[in-house]
Each structure stands twice: as C-alpha cells, then as structure tokens.
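Read through the structure below, which is laid out as structure tokens, and then see the notes.
In what follows, every chain begins at residue 1, and chains take the letters A, B, ... in the order their sequences are listed. The figures that follow rest on heavy atoms only: side chains count, while hydrogens, waters and symmetry mates do not. Note that this is a predicted model, so its numbers are computed, not measured.
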Amino acid sequence: MSTSRTANAGRRLVIVESPAKAKTIKGYLGPGYVVEASVGHIRDLPNGAAEVPAAYKGQPWARLGVNVDADFEPVYVVNSDKRAQVAKLKSLLADADELYLATDEDREGEAIAWHLQQVLKPKVPVRRMVFHEITKDAIQQAVANPRDLNQRLVDAQETRRILDRLYGYEVSPVLWKKVMPRLSAGRVQSVATRLVVERERERIAFVPAHYWDISGTFAQAAQAAARAAQAASGGDPADFTARLTALDGRRVATGRDFGSDGVLRSVRGGAPVLQLDETGARALAEALRVAPFQVRSVESKPYKRSPYAPFRTTTLQQEASRKLGFGAKRTMQVAQKLYENGFITYMRTDSTTLSETAVAAARAQVTQLYGAEYLPDAPRTYASKVKNAQEAHEAIRPSGDRFRTPAETGLTGDDFRLYELIWKRTVASQMKDAVGQSVTVKVSGTAQAGAVDGAELPGREAEFSATGKIITFHGFMKAYVEGADDPDAELDDRERRLPPLAEGDALTAVELRPEGHSTKPPARYTEASLVKELEEREIGRPSTYASIIGTILDRGYVFKKGTALVPSFLAFAVVGLLEQHFGRLVDYDFTAKMEDDLDRIARGEAESVPWLRRFYFGETAEPSGDLGEAARAASTGGVDGDHLGGLKDLVTDLGAIDAREVSSFPVGDGIVLRVGRYGPYVERDGVRADVPDDLPPDELSVELAEQFLAKPTGDRELGTDPNPPHHTIVAKDGRYGPYVTEVLPEGTPKTGKNAVKPRTASLLKSMSLDTVTLEDALRLLSLPRVVGVDPASGEEITAQNGKFGPYLKKGTDSRSLESEEQMFTVTLEEALALYAQPKQRGRRAAAPPLKELGEDPVSGRPVVVKDGRFGPYVTDGETNATLRQADSVEEITAERAYELLAEKRAKAPAKKTTKSAAKKTTTAKKATKKAPAKKTAAAKTTAAKTTAKKTAAKKTATAKTAAPRKPEPESEEGSG
DNA sequence: CAGTGAGCGAGCTTCCGCTTGACTT
C-alpha cells in the first residue's frame with residue numbers, strides 16, 4: 001500500500017462497485033493501479049431519526065431527509081456500514097496521483113461515482129471510466145478513454161431517489177394511521193402487491209364454465225398389417241388421438257370460448273359455437289361408435305424455433321424456478337457465489353448481450369460438442385426486450401474466454417445445477433434454429449342416429465382434429481429447452497408423431513371418450529411470474545427483484561402457498577386504500593412514466609426541482625413544459641381552480657379516508673370481513689369470529705364464513721358452571737390477553753336496555769390459556785370479591801383485577817394490591833390499613849434518579865436520568881426526553897442530555913419559532929435568487945433561464961447545509 | 001375481537017437501489 005512512487009509512473013486508484021470485479025480488473029491493469037471497490041452506494045438519505053445529523057433535527061422535514069421547503073435539498077449521510085470502506089478509500093487516495101471512478105455505467109453507477117467524488121474530495125485529477133464487459137481489452141480501452149462525470153444522469157438518479165423517499169415516507173404513515181403500524185407503501189412494492197391482489201380479485205369474480213367434447217383414438221382401417229409393421233420398426237405410431245372440433249359445421253366450444261363470467265363469448269367469424277353438455281357428448285360418442293371415419297384433410301406447415309436469448313436476471317430467476325424449483329432469493333444467492341468464485345459473469349443485469357469473447361467461446365463450444373452443422377454462419381445477437389434496460393453489464397454467462405463445461409468446474413449441488421443451466425442456455429443461444437414440420441389432420445365421421453335409443457343428438461357430422469410435430473433438425477434444442485410455467489403446456493421439444501396419413505384414408509375409431517372440462521380461473525403469480533410481470537412494466541431493477549418479493553412477504557401482504565403468492569386480506573385493505581385515495585401512485589404506468597421523465601432529465605430536457613415540486617406540492621404556476629408525466633400523475637385532480645393537488649395535500653388531509661371502510665369487505669348474507677389489528681375476522685350482527693391469517697381470500701365463501709361464526713375461534717371450553725344458570729365457561733385470547741368468560745344462551749340481548757353482559761376475567765399471570773382449569777375460571781369469575789364494609793363510611797370494599805393489576809375499590813377511591821393472590825385473601829383489616837395510607841401518586845415518584853447530570857444551561861434546572869414506562873429518559877423537571885437508540889444510561893454525558901432536552905424543546909412548543917424560521921429562510925433564498933441575476937447584468941441572458949436560476953438556488957441551499965452538493969457547472973463561473 | 005380504578009417523558013415504524021459480509025440458526 002505504501003510502496004514508493006516511481007518518478008514517471010504515477011499511482012492510480014480505480015474504484016469499482018464490486019469487490020469481485022476489483023479482483024479481476026486488478027489482473028488486467030497490472031502495477032501502477034490500485035483497484036478497490038466502493039461496495040455499492042456509499043451514501044444515502046438518512047434512514048430514520050437516528051441517522052439525521054444533529055443540525056437538521058427539529059426541522060419539520062428532518063423525518064424525510066429531504067428539505068422539501070428548499071428545492072428538495074437532500075441530506076446525505078455515509079451509511080454506518082460503509083464508513084470503514086470509505087476510510088479505506090480515503091487512505092488509498094492519499095497515496096494516489098489520479099483517481100478513476102469506474103462504477104457501472106448506468107444511472108445508479110453514475111451517482112455512486114458522484115458521491116465518491118463528494119465524499120473523498122480528491123485533490124488529484126479525477127476521471128470517469130466505463131466498460132460493459134470485463135476483458136483485458138475492454139478494461140485497457142476504458143482506462144485509455146476516460147470521460148467526465150455526467151451530471152445530468154446524476155440529477156436523474158437523485159430525482160428518483162427523492163421521489164421514492166417522499167412516496168415511501170409520506171404514504172407509509174397514512175397506513176399506520178388508517179390500517180396498522182409498521183406497514184409500508186412504495187412505488188415498487190405497492191404496485192407489486194396490487195398486481196397480486198388484482199389477480200385474486202379476478203379469481204374471486206371468476207365463474208367457471210363447464211363443457212364437454214370427445215377425445216377419439218383412430219387407426220387406419222385397411223392397413224392393420226402395415227400398421228403393426230411400422231409400429232414394430234419404431235417409426236411412426238399406429239394410431240393417434242384427435243379431439244372433436246366441429247359438429248355439423250359448427251365449431252365445438254373449448255375453454256377459450258368462455259369469458260371469466262362463465263358465459264360463452266360472442267362468436268368470432270360468424271359461425272355460432274356449439275357448447276356440448278354431458279348428455280349430448282355421451283349420446284354423440286355412442287352414435288359415432290360404429291361410424292366409418294375418413295381423413296378429410298392433411299395440412300403440413302414448416303416448423304421453426306429459434307433459441308432463447310442468454311440469461312438476464314429475471315429470465316434466470318424464472319428458469320431456475322421452473323427447472324430447479326429455486327425461489328428468487330435462492331437463485332441470487334447461488335449466482336452470487338458463482339460470480340464471486342469466478343464461474344459466471346455478473347448476475348444482476350438487464351442485458352442479453354454477449355461480449356465478443358463470449359460469443360467466440362460459445363461458438364467454439366458448439367462446434368466442439370455438437371458439430372459444425374449446429375453452428376449458424378453468423379453469431380446471433382439479441383436485442384434487449386427490456387424497455388428501461390440500462391445495460392451496464394453483459395448477459396449472465398459462464399465467465400472467461402473459454403467456457404468450462406459443468407463437469408470441468410468441479411461444482412456440486414445447487415452451484416452445479418445453476419451453472420449448468422447458465423452454461424446450456426449460453427451455448428444454445430449461439431446454435432441454429434430447430435426446424436421440422438407441423439401437421440394438422442382433420443378426420444370426419446357421421447353419427448348413426450339409429451344407434452342410440454331415443455337420445456337426441458346434438459349433431460351428426462363430426463369433425464376431429466389432431467396436430468403432430470416432427471422435428472427434422474433439433475438445432476439448439478439439443479442443448480437447451482425452456483421450461484413452462486403451466487405444467488400442462490406442451491414443451492417445445494416434444495415431438496408428437498402422427499401416422500403417415502393421406503386425404504381420403506379410411507379410419508376406424510378405436511376408442512371415443514366423452515370428456516368434461518371446466519374453465520379455470522387465472523393462475524396466481526409465483527415469485528418468478530411476478531418478477532416477469534414487474535420487469536415488463538419497467539418496475540424494479542435487477543438488484544431488487546428478489547427483495548421486492550421479500551418485502552411484500554415480510555409486510556404480510558402476501559404469503560406463499562406452495563410456489564403461489566397469495567395476497568392476505570391485509571393486502572386487500574391496503575391496496576384498496578391506495579387505489580381509492582392514491583390512485584395515480586399505484587397506477588401500473590406510474591414507474592414507466594417516471595422513467596420517461598428521468599430520461600428527459602438525464603438528457604437535459606427537464607429539470608429535477610420543478611418536477612419534484614409538482615409531484616409533491618401539486619401543480620403551480622410553473623411553466624408546464626418541463627413537467628413530466630409521473631409528476632403530473634401524482635396530482636389529484638382539481639382542488640381549487642387549476643391547482644392540482646400533490647402528494648403533500650393527499651397525506652395531510654386524511655379526513656376523507658374512512659379507516660373502517662377500507663378494512664371492510666362484504667362477504668354476503670350480512671357478513672362482513674374486516675381486517676383488524678389482530679388479523680382478519682368476520683362479523684355479522686356484532687358476532688365476530690377469527691379468520692385464519694393464511695386463508696386464501698378466494699376461498700372465503702358465505703358458507704365458510706358461517707362456519708367461522710358458528711364457532712368463534714380461540715375458545716377453549718373449560719366446562720359448565722356448577723351454579724345456575726349453568727353457563728358454559730370458555731377461555732379466550734382477547735386484545736388484553738387471555739381471559740375466561742361465560743357463554744350466554746342464544747337470543748340473549750347484547751345491546752339495548754335489557755342487555756346482559758357475560759362475566760369476564762383476565763387470567764392471572766401464573767395461568768396460561770392452555771392449562772387454565774374450570775376451577776381457576778370459577779375463582780376468577782367470582783371477582784370482584786367483597787372484602788367487607790368500611791365502618792367509617794359504610795361503603796363496601798371490593799377486591800378485583802383491572803388494567804393496572806389487582807386493586808381495592810371503595811366507591812371511587814382505589815388502592816393497588818401487591819399481588820394477584822391478595823384479591824382472594826386480603827382481609828378487611830389489611831384493606832383498611834391500605835386505605836389509611838395516602839394514594840400512591842405516580843409509581844415512579846419515589847424512585848431515585850438513575851444519574852444526576854448537573855444543571856441544564858438553558859433552564860438552569862438540575863438534569864437527571866430516570867427510568868420510565870418507555871425506558872430511561874432525561875428530565876430537567878419540565879422537559880423530558882427519552883434516550884435514543886445510540887444512548888445508554890451508563891455512557892450518557894451531561895452534554896448529550898442537554899442536547900436531547902434542547903432538541904425536545906425545539907420540537908413541541910416551538911411551533912411558532914419553526915414557522916417564522918422557515919419563512920425567513922424562504923425570504924432569504926428569494927433574495928439571493930434575484931440578486932445575482934441583477935448584479936451580473938446577465939439579465940439579458942435570461943435566455944439561459946431556468947438552468948441558471950436553479951443553480952443559483954442550489955448554491956444558496958448548499959451554503960446552508962453541511963452535506964456537500966454537486967460541483968457547479970463550469971459555465972456558471974463565466975455567466976456569474 | 002372483554003371490561004376496567006391513577007397517572008406518569010415517547011419514539012419509532014416506512015421507501016428504492018447499489019453492493020457484501022458479519023452475524024446467528
């Protein structure tokens with residue numbers, strides 16, 4: 001590290017994103033270059049209150065980490081887990097004469113490079129170097145041809161980051177208030193959840209249709225001998241299966257002819273479609289049994305199939321799921337390991353492009369393993385199918401300029417299987433098409449009406465149809481065939497051979513089987529199919545697909561049933577709320593529109609601040625030219641006049657959001673499903689019953705809900721009260737914990753004047769729901785116990801259990817008891833003794849302070865640390881402040897205590913102060929904004945307009961904040 | 001989602017995208 005510098009060869013520090021990449025590149029650059037990784041982003045907006053720098057605490061926007069009142073100035077902090085790496089980079093830079101920022105060439109990579117520059121503050125020349133494949137040539141080329149940092153691209157990334165923060169950190173709290181705490185909403189996860197919910201809605205609304213057809217096995221009538229010979233020779237089959245497709249010229253309905261409502265769709269092309277029922281199908285099969293059949297037509301078409309593109313992240317996840325049964329997370333973990341150990345290229349990519357060396361390696365391997373006839377003349381190239389692809393990397397492929405065969409790798413288990421998949425797919429992508437013939441045969445026969453007694457035939461002229469496929473050259477299929485999501489789907493490589501048939505051939509029906517079918521609701525998403533859907537909609541990035549699934553699972557929005565993703569009722573409530581009140585934010589096109597706008601910012605055709613302003617504050621008098629679709633999309637529609645509300649308005653006035661309504665779903669028959677804090681339950685006329693958390697919503701029928709209601713869940717019958725009226729005693733788990741209660745007979749009025757309430761009692765701490773006995777329950781239900789009468793006042797004293805534990809009660813006067821057992825044992829004398837003492841006001845009042853920290857410089861009052869309900873806190877007797885996560889009673893200093901108190905004072909009562917301060921800031925900013933424009937006399941260059949304005953504003957903001965901002969554009973010096 | 005007799009300092013949750021370990025099971 002501290003090797004001496006030679007006179008003419010300076011030391012260059014090259015920073016890439018990934019350590020594995022650093023290792024490889026080091027080998028290509030040789031001495032004179034130190035290659036180190038940033039290990040991803042090094043700075044970000046503060047995560048929560050704990051990470052907000054002290055200078056911004058108390059600001060109304062501190063929670064967001066973005067100063068929404070000053071042009072959305074972001075606060076950046078070096079993530080705690082990156083501090084060590086940043087320190088390392090700084091020390092390496094100290095020994096370097098030149099800095100190469102070699103982060104990925106995409107929006108995020110450009111931003112990482114900018115953050116590196118801001119944090120490392122290099123005093124040596126800085127160059128931006130980019131490459132898309134890691135080969136010696138490419139790296140050396142890149143080093144020789146550096147460019148400058150693309151500030152617009154950095155702006156686009158920052159805009160994306162801020163939008164996501166505002167969306168996530170403003171909308172999530174709405175869910176905490178209206179649904180339950182700890183929930184979350186975000187640009188990506190909320191749409192992912194919505195997709196799953198909508199699919200479930202489709203399934204719920206789905207009405208299956210039932211239809212019948214006939215499957216027939218046919219053989220050539222006159223050629224029994226020849227047939228047998230052919231079969232024996234292992235060539236074509238002797239018979240074949242065909243399905244009834246038409247009757248009297250009318251097409252027979254198949255699943256595709258029905259809508260999701262179970263109704264036969266109106267017919268395409270004029271001819272009405274015939275829906276066969278069971279009776280008709282059986283009668284027809286019977287009437288066809290003895291009929292002669294003949295081949296009506298044989299149609300042959302050439303078949304061709306091209307190989308699939310090499311893997312990118314999503315297709316790898318899909319295929320690993322289909323073929324290896326891996327979840328997205330497991331796939332990525334295994335791939336990461338393969339990448340780090342040098343077996344494959346980078347696994348988080350949206351590109352299907354292979355480098356030239358990779359193409360050469362694949363082609364060499366095709367020739368070697370399959371022969372030259374499998375190699376196309378020219379290399380195959382694959383255009384990206386991903387609309388917002390950033391293509392910073394190659395496709396996922398075996399690494400190196402000569403691919404190791406799976407056997408050569410020495411890999412085992414999951415590693416081997418995933419490598420083999422990647423290897424096969426890559427090699428196959430450079431092979432020839434598979435070609436062959438696909439054949440359609442139509443067979444006709446006439447039903448013999450007389451053959452069936454009495455039954456009415458749905459028709460007489462029957463037409464059967466069969467398709468076959470013969471692959472004459474397998475091409476890439478020799479190496480690789482893609483799996484199917486639908487297990488019933490036919491695989492591409494499967495040949496279906498038909499006997500050699502000619503028009504007019506006579507056939508006999510070996511068997512005719514009437515078959516009933518039902519249409520099926522759309523299948524639920526799997527991890528892989530959801531990821532595919534998200535990618536198609538340009539939502540999420542390769543590095544996040546697996547974690548998106550993780551997030552919606554963690555939040556309880558979806559759960560897995562086998563491989564299927566099933567939405568919870570909670571997800572229905574959350575998605576419903578978002579659709580009704582934040583409709584445009586969960587619009588499926590929101591992200592795609594945002595991407596368009598970010599592209600415009602990256603091209604310099606739009607600006608970040610007005611775009612964010614419109615998204616957050618709504619439409620203003622800003623010229624609309626540079627405002628994008630997504631920002632507009634967030635606006636809610638006319639609030640007053642032509643002002644369109646932004647996100648802030650939406651989250652400020654929550655009066656219109658009826659929490660009860662968003663959590664309620666009618667089941668039918670007066671039953672309502674509600675999502676409560678403790679999970680879903682059904683309710684009818686005040687009777688409630690738990691619904692299992694993992695009940696798929698499409699399985700909740702009225703019947704099932706009735707079942708739940710008939711036997712409210714969580715009850716454990718303990719027995720019958722031996723005393724009249726002999727109610728059943730049950731133990732339940734309630735919102736205040738486990739308790740026992742009695743079951744009142746049906747028809748007992750629960751509300752109104754004559755309402756009868758059952759006795760209830762919480763279990764003692766020594767009891768548990770599983771072990772509580774009838775005796776325990778009866779003892780508990782005997783409370784409150786009359787201890788005696790106060791001779792002084794004549795008032796009755798009772799002992800009972802309450803929310804603060806056991807206590808005595810005399811009229812409105814109460815005293816806490818020491819133990820639960822005392823409720824049953826305390827005597828009148830002891831009770832009177834307790835009442836003789838004054839009430840203990842404030843349980844903590846007597847507790848001595850944990851620590852004394854001198855006098856507060858502001859209030860001049862002594863500061864102490866105390867222990868309270870919410871843990872330790874500091875107080876000066878007037879202001880209280882809970883210790884933060886980073887603080888401890890042992891380590892806290894007096895200075896820190898004063899700081900906490902000052903922060904607290906600044907927050908609550910200082911509303912007025914904050915406001916006026918904010919006002920001042922705004923005024924000051926406006927002033928500075930105008931001033932330079934006047935001073936520079938460049939007023940005529942207002943043609944240079946908004947850009948200059950924005951820069952000036954940003955500059956002002958920069959001066960106020962500790963976090964360094966972007967370098968000013970060079971042109972600014974000249975104009976200013 | 002039961003029903004209740006005081007009175008006491010809340011603070012935190014959450015987003016999306018880049019990257020790996022360092023942990024524990």
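Listed in residue order, the members of residues 540-550 of chain A having a heavy atom less than 4.0 Å from DNA chain B are A/Gly540, A/Arg541, A/Ser543, A/Thr544.
For A/Asn47 and B/dC15, a side-chain-to-base donor-acceptor distance below 3.5 Å is present, hydrogens and geometry of angles not being considered. Within 3.5 Å, no donor on the side chain of A/Ser816 pairs with an acceptor on the base of B/dA6, nor the reverse.
Contacts of A/Pro173 with the nucleic acid, taken as non-hydrogen atoms under 4.0 Å apart, include base atoms. Note on A/Leu808: nothing from the nucleic acid sits closer than 4.0 angstrom, heavy atoms only. Base contact: A/Arg160 has a heavy atom under 4.0 Å from a base atom. Heavy atoms of A/Arg187 sit under 4.0 angstrom from primed sugar atoms or phosphate atoms, though from no base atom.
Looking at the side chain of A/Ser762, the nearest of the listed nucleotides B/dG11, B/dT14, B/dA2 is B/dA2. Minimum atom distance to the side chain of A/Ser184 is reached by B/dC15, of the listed B/dG5, B/dC15, B/dC12. The side chain of A/Ser18 lies closest to B/dT20, out of B/dT20, B/dC16, B/dT14. Closest to the side chain of A/Glu340, out of B/dT14, B/dT20, B/dT13, is B/dT20. The side chain of A/Thr551 sits closest to B/dC15 out of B/dG5, B/dC15, B/dG17. In this structure, the nucleotide among B/dG17, B/dT13, B/dC15 sitting nearest to the side chain of A/Gln189 is B/dC15.
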field: A/Phe569/A/Phe665 under ring pair (Phe, Tyr, Trp, His ring centres under 6.0 Å): CA gap, chis, key distance, verdict
entry: CA-CA 9 Å; A/Phe569 288 107; A/Phe665 304 91; 7.2 Å; no
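Atom NZ of A/Lys57 has more than 12 heavy atoms from other residues, nucleotides or ligands within 6.0 Å.
Between A/Phe590 and A/Phe615, the two ring planes are tilted [angle within 30° to 60°].
The CZ atom of A/Arg660 sits 3.5 Å away from the CZ atom of A/Arg674 when rounded to the nearest 0.5 Å.
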Give every pair of a protein N or O atom and an N or O atom of nucleotides 22-25 of chain B that lie under 3.5 Å apart, one pair per line with the distance.
none

